[in-house]
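A single structure is presented below for examination.
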Amino acid sequence: MSVEKRPTVLSGIQPSGRLTIGNYLGALKHWLGLHDQFDCYYMLVDLHAITVRQDPALLRERCHEFLALYIACGLDPRHNVLFVQSHVPQHAELAWVLNTFTQMGELNRMTQFKDKSAKHADNINAGLFGYPVLMAADILLYQAERVPVGDDQKQHLELTRDIALRFNNVHGPVFTVPEPMIPPVGARIMGLQTPTAKMSKSGDAETDAIYLLDEPAVITRKIKRAVTDTENAIRFDVANKPGVSNLLSMLAALSDETMPALEARFDGKGYGHLKGEVAERVVALLEPIQARYHEVRAAPDYLQQVLRDGAARATKKAAITLGRVHDALGFIPR
Ligand code: TYM
């Protein structure tokens with residue numbers, strides 16, 4: 001079979017904070033196995049991460065940590081292109097071009113920009129504003145058909161599609177218009193202490209998130225202390241029972257049981273029971289991932305080689321698209 005003809009999948013994670021069970025259930029889990037049907041590109045988006053101030057030593061450390069976690073979760077570098085965004089200069093170059101196909105009004109409507117500028121009011125930089133344009137460049141450079149992400153990236157994907165269509169309308173069919181792949185369960189895991197807000201990698205409260213590298217005892221304790229309500233009835237009702245609904249969502253995503261089946265199984269049981277089962281499932285998932293992580297992390301030369309190969313393979317594809325874009329725009333070839 002010709003590898004060239006396979007459709008492309010692309011996704012990425014910002015190497016900021018620590019990877020959470022939300023990142024896993026909303027995104028990473030769904031990347032595994034796609035390489036059977038697609039050419040898969042998975043990035044660490046360091047250019048995006050610097051839209052919020054990062055400590056340089058920590059950023060470097062996080063990139064290695066996240067790469068090792070990608071591999072430990074089951075992304076085999078022989079079947080998936082794993083790379084760092086800043087190693088492929090075409091991302092920033094295409095973002096510049098796409099800036100001229102994006103309206104200020106569109107960027108002003110992005111909810112993530114509004115949230116982040118409220119959170120980082122002392123540093124509302126132009127990079128934060130243009131963040132979704134760089135994300136569009138990430139996707140369009142690889143002519144990705146599918147983009148597996150959590151629910152919070154939906155608006156960015158819609159903008160990416162609009163930018164691609166706008167460019168194509170002016171210059172002909174240069175870009176593939178991508179489709180998001182958002183999982184039916186687990187696409188928005190909420191905080192354990194604040195179940196009305198998304199679980200976040202870089203939140204302030206340690207107990208709000210389960211990190212992929214948390215010790216089993218810590219995971220169990222965090223889940224046991226998760227905020228619920230006083231009704232003591234286990235049913236999925238996000239508006240009235242956000243904490244319990246979040247635990248049920250996590251269990252549904254971890255077990256592949258349907259919500260009605262879970263509600264029936266937990267009928268008449270207490271919250272302690274539900275929490276116990278969620279904790280067991282999370283620990284059973286993460287223990288082998290952590291063991292593999294420590295093995296991979298102990299092999300820095302291997303990780304370096306993975307990044308070198310990934311950058312070479314990604315650059316090859318990215319350069320072809322950028323060449324076509326420059327040609328369509330009328331730039332003189334070098
Ligand atoms: P980031 O780093 O915030 O999150 C990485 C992925 O995890 C998903 N996610 C969640 N899913 C379920 N519940 C949660 N609580 C949760 N939190 C995060 C996100 O939806 C995402 O899929 N802009 C992107 C990174 C990016 C990207 C791209 C993604 C840059 N370029 C190109 C796809 C394609 C981001 O900040 O994700």
Side-chain angles (χ1 to χ4, degrees), residues 11 13 17-33 69 72-74 148-154 181-203 205-290 293:
S11 199
I13 298 185
R18 284 169 286 169
L19 278 180
T20 72
I21 194 77
N23 298 125
Y24 182 85
L25 295 176
L28 245 169
K29 174 184 174 186
H30 307 281
W31 301 357
L32 310 173
L69 274 167
C73 285
V149 284
D151 187 62
D152 62 340
Q153 298 302 316
K154 201 167 157 186
M181 283 171 97
I182 297 176
V185 281
R188 182 173 281 266
I189 300 296
M190 310 305 272
L192 297 177
Q193 293 302 316
T194 47
T196 47
K198 185 184 77 161
M199 185 184 283
S200 153
K201 278 194 237 98
S202 39
E206 176 71 28
T207 50
D208 205 43
I210 297 168
Y211 301 108
L212 297 190
L213 294 175
D214 273 346
E215 304 253 332
V218 172
I219 294 170
T220 305
R221 196 163 58 238
K222 284 180 178 176
I223 294 172
K224 291 262 153 87
R225 291 186 186 162
V227 165
T228 49
D229 54 63
T230 52
E231 189 193 18
N232 218 24
I234 298 180
R235 91 194 127 73
F236 187 72
D237 175 352
V238 176
N240 297 305
K241 299 171 70 68
V244 171
S245 302
N246 190 38
L247 291 168
L248 281 169
S249 292
M250 285 171 65
L251 197 52
L254 287 158
S255 68
D256 293 325
E257 266 183 278
T258 65
M259 202 52 84
L262 283 174
E263 283 177 330
R265 197 153 68 69
F266 282 99
D267 187 34
K269 299 208 167 102
Y271 290 165
H273 207 91
L274 174 63
K275 288 177 168 179
E277 200 170 308
V278 175
E280 250 172 56
R281 288 274 187 176
V282 175
V283 169
L285 169 76
L286 294 183
E287 264 182 337
I289 291 177
Q290 293 179 1
Y293 167 79

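The shown structure was predicted, so the numbers you read here are calculated from the model rather than taken from an experiment. The figures that follow rest on heavy atoms only: side chains count, while hydrogens, waters and symmetry mates do not.
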Report the distance from atom CG of L212 to atom CG of L19, rounding to the nearest 0.5 Å.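 Going from the CG atom of L212 to the CG atom of L19 covers 5.0 Å.
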To the nearest 0.5 angstrom, please state how far the CG atom of L248 sits from the CD atom of E257.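 Separation between the atoms: 10.5 Å.
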Closest heavy-atom contact between L247 and A226?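 Heavy-atom minimum between the residues: CD2-CB, 4.5 Å.
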Could you walk me through whether R235 and M259 pass the side-chain contact (heavy atoms from CB on, under 4.5 Å) check? CA-CA 9 Å; R235 91 194 127 73; M259 202 52 84; over 6 Å; no
How far apart are the closest heavy atoms of A27 and P148, and which atoms are they?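 Heavy-atom minimum between the residues: CB-O, 4.4 Å.
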Separation of L28 CG from S11 OG (nearest 0.5 Å):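 With rounding to 0.5 Å, OG (S11) is 8.5 Å from CG (L28).
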Return the minimal non-hydrogen interatomic distance between F266 and L274, and the atom names on each side.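 Shortest heavy-atom contact: CE2-CA, 3.7 Å.
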Any side-chain to backbone donor/acceptor pair from Y271 onto T228? Under 3.5 Å, distance only.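 Judged by distance alone, no pair lies under 3.5 Å.
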Shortest non-hydrogen contact from D214 to A209?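 Nearest pair, atom of D214 first, then A209: OD2-O, 4.0 Å.
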Does K154, at its NZ atom, have more than 12 non-hydrogen atoms belonging to other residues, nucleotides or ligands within less than 6.0 Å?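 At most 12 heavy atoms, drawn from other residues, nucleotides or ligands, come within 6.0 Å of this atom.
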Is a donor on one side and an acceptor on the other found under 3.5 Å between the side chain of H30 and the backbone of G150?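 No: the side chain of H30 does not pair with the backbone of G150.
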Residue pair V282, I210: steps toward the side-chain contact (heavy atoms from CB on, under 4.5 Å) verdict: CA-CA 9 Å; V282 175; I210 297 168; 4.1 Å; yes
I'd like to know if R221 and E215 make a salt bridge, using a cut-off of under 4.0 Å between side-chain N and carboxylate O.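 So R221 does not pair with E215 through a salt bridge.
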Do P260 and F236 have side chains that approach each other closer than 4.5 Å (heavy atoms only, starting at C-beta)?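 No, their side chains stay 4.5 Å or more apart.
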Which heavy atom of A279 sits nearest a heavy atom of I223, and at what distance?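 Nearest pair, atom of A279 first, then I223: CA-CD1, 3.6 Å.
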Ignoring hydrogens and angles, tell me if any N or O in the side chain of K29 forms a donor-acceptor pair with the backbone of A253 under 3.5 Å.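 It does hold such a pair.
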More than 12 heavy atoms of other residues, nucleotides or ligands under 6.0 Å from CD of E231: yes or no?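 Yes - once you tally the heavy atoms of other residues, nucleotides and ligands closer than 6.0 Å, there are more than 12.
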Could you grab the distance from atom CD of E280 to atom OG of S255, nearest 0.5 Å is fine?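 Spacing of CD (E280) from OG (S255) equals 12.5 Å.
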Tell me, with the steps shown, if Y211 and K201 meet side-chain contact (heavy atoms from CB on, under 4.5 Å). CA-CA 8 Å; Y211 301 108; K201 278 194 237 98; 5.8 Å; no
Indicate yes or no for a side-chain donor-acceptor contact from Y24 to the backbone of C73 under 3.5 Å, with no hydrogens or angles considered.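 No, Y24 side chain to C73 backbone: no donor-acceptor pair under 3.5 Å.
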Begin from the C-alpha positions of E263 and I234 and carry the test side-chain contact (heavy atoms from CB on, under 4.5 Å) through to its verdict. CA-CA 6 Å; E263 283 177 330; I234 298 180; 5.7 Å; no
For P216 versus E287, what's the shortest heavy-atom pair and its separation?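 Looking at all heavy atoms of both residues, the shortest contact is CG-OE2, 3.5 Å.
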I need the L192 CG to N246 CG distance, nearest 0.5 Å.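 Result: 6.5 Å between the selected atoms.
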Decide salt bridge (charged side-chain N to carboxylate O under 4.0 Å, His left out) for R188 and D152; before the verdict, give the C-alpha distance in whole Å, the side-chain angles of both, and the deciding distance to 0.1 Å. CA-CA 7 Å; R188 182 173 281 266; D152 62 340; 5.7 Å; no
Are K269 and E277 close enough, and set up right, to give a salt bridge (charged side-chain N to carboxylate O under 4.0 Å, His left out), and what steps lead you there? CA-CA 12 Å; K269 299 208 167 102; E277 200 170 308; over 6 Å; no
Can a donor-acceptor pair be found between the side chains of T20 and N23 at a distance below 3.5 Å?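 Judged by distance alone, the side chains do pair up.
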Can you tell me if R225 has over 12 outside heavy atoms packed within less than 6.0 Å of its CZ?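 Atom CZ in R225 is not packed in, count stays at 12 or less.
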Does any part of the side chain of N240, heavy atoms only, come nearer than 4.5 Å to the side chain of D229, both counted from C-beta?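 Heavy-atom side-chain distance check fails, nothing below 4.5 Å.
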Name of the residue among K222, M199, Q193, M190 meeting side chain to side chain contact (heavy atoms under 4.5 Å, CB included) with D208: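 Checked K222, M199, Q193, M190 against D208; only one passes side chain to side chain contact (heavy atoms under 4.5 Å, CB included): Q193.
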Side chain of K241, backbone of A233: donor and acceptor closer than 3.5 Å?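 It does hold such a pair.
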Can you tell me how far CE of M250 sits from CG of L285, rounded to the nearest 0.5 angstrom?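 With rounding to 0.5 Å, CG (L285) is 10.0 Å from CE (M250).
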